[in-house]
Amino acid sequence: MPFMKGNAPIRRTLQFLEAGKLVLKDQIQIFAVNYNVYGDHHKGARDFVFWHLPQVQYKNPHVQIATFKNLTPSPFIKCFYENGHQMLIDVDSKSKEEIYDHLVDVVGKTKEVLRAEAIAREKKDNPANFGAHCDKHCICEIPGQVPCPGICPLPNHMRGKFINAKE
Amino acid sequence: MLRVLNCLKGLQLGAEALSPNPTLQTVRWRRKPRWIPKARSKLFKIPEIPKIPKEENDELARLFNNYRTQMKSIRRHFTYKYCTHMQKTENLNQKLEEEADLRRCIELNDKWNVEVKKTREARIAADIEKEVELAEDRVLERQRINAEKLEEAEKLVREQKAVAHTFITSENIDEAIDKAISNEVDYNFSIDLEGNKYMGRTKSPDEEKIAVKQ
């Protein structure tokens, strides 16, 4: 789709998609929104679908997101868990911000979890990182680098024992 | 563009008539809509039922049964593997943590739902009140219109009653006929160049004029 076509093309920008703060919990498999395309008390749900659903789908690529239009008298969101549990969230007459904040509280991962996951991902992702939970434990694993002195002794000209030795 | 070309194809025109581009080819890109009837040339065509020999049919059935059995077993195998995998990786501590978190979220959500329920019920009550008010207004308006109509009808009746003594009835019909015959009325007239009006079709201007009004 051309970039600047359609309603609010900002919704398709990477910056906007990445700004979403709702990362659903791992147990959630399906996220279903029921709303009507008319009616004042559905406005919040409608705006939520228009503005925030792209972000939610971008942040949760493995969650099935479904919208059901014009099937309900009052709007609601239903989340289906892995273990068969369901969470029903009534969003009648609520604004899209209120809905979004509540969802972050109720079905989203907490900030601590997200931070921990981000750290873990960074550790794993960045080849410049060494140590526990990283790709490489030590720089010496890379070919062409000096091996660890613990495994193989350094050349004599690098060792204090020989450099600082008294004649 | 394709749609237009398809329409043209329907008209037996083809894209060649429109465009000089020889590489352009019309494409039928979707099936015939459901509401389009069977083609006239195919209307009475009955497709032949394929005759499959018994041996071949038996062989197909055997192969298909085998296929079904194998697929079922593969599916069951994967289900079993998945279940055992899930049971093995289940961390009790993590599970307890997840359950606690879920309970907390449910509590939070229940609180929110109760609040929303209150506002929703208030909204519905207000809506119903508004509807009832509107309905009452409509009833009053309808009553007013009905009363006006009744008043108009009664007025008409009163007027007609007032002039009822001039009506022709079976008692005085002979009298009325006699009167009509004796007072002949002629609406025709002619005018001269000065614009004077002479009543009657055949009468000359010198004769006595006949009144139009009875």
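Residue numbering restarts at 1 for every chain, and letters A, B, ... go by the order of the sequence lines.
- Of the atoms belonging to Tyr81(A), it is side-chain heavy atoms, and not backbone ones, that fall under 4.5 Å from chain B.
- For chain A, the nearby part of Leu102(B) is the side chain; its heavy atoms alone come within less than 4.5 Å.
- Interface remark: Arg123(B) contributes side-chain atoms only to the contact with chain A (heavy atom separation under 4.5 Å).
- In this structure, Lys69(A) places its NZ atom where only 12 or fewer heavy-atom neighbours from other residues, nucleotides or ligands lie under 6.0 Å away.
- With a 6.0 Å radius and a threshold of 12 heavy atoms from other residues, nucleotides or ligands, Glu148(B) has its CD atom above the threshold.
- For the atom pair CG of Leu108(B) and NE2 of His102(A), the computed distance is 6.0 Å after rounding to the nearest 0.5 Å.
- The shortest side-chain heavy-atom distance between Asp90(A) and Glu115(B) does not fall under the 4.5 Å cut-off.
- No more than 12 heavy atoms of other residues, nucleotides or ligands shown are found within 6.0 angstrom of NZ on Lys43(A).
- Lys117(B) is not listed as a side-chain neighbour of Asp92(A), based on a closest heavy-atom distance of 4.5 Å or more.
- Summarising the local packing, NZ of Lys38(B) is surrounded by more than 12 heavy atoms from other residues, nucleotides or ligands at distances under 6.0 Å.
- In this structure, the side chains of Arg120(B) and His41(A) stay at 4.5 Å or more apart for every pair of heavy atoms.
- Val116(B) has its side chain out of reach of Val91(A): every pair of non-hydrogen atoms, C-beta onward, lies at least 4.5 Å apart.
- Not a single donor-acceptor pair under 3.5 Å links the side chain of Asn109(B) to the backbone N or O of Met87(A).
- No more than 12 heavy atoms of other residues, nucleotides or ligands lie within 6.0 Å of NE2 in His137(A), so this atom counts as exposed by the packing criterion.
- To the nearest 0.5 Å, atom SG of residue Cys105(B) and atom CG of residue Leu103(A) are 11.0 Å apart.
- Surrounding CD of Gln145(A) are more than 12 heavy atoms belonging to other residues, nucleotides or ligands, all under 6.0 Å away.
- Minimum interatomic distance between Asn113(B) and Leu88(A) (heavy atoms only, all atoms of both residues): ND2-O, 2.9 Å.
- Other residues, nucleotides and ligands place no more than 12 heavy atoms under 6.0 Å from the CD atom of Glu131(B).
- Between the side chain of Trp112(B) and the main chain of Val106(A), no donor-acceptor pair closer than 3.5 Å is present.
- Heavy atoms from other residues, nucleotides or ligands lying under 6.0 Å from CD of Glu175(B) number 12 at most.
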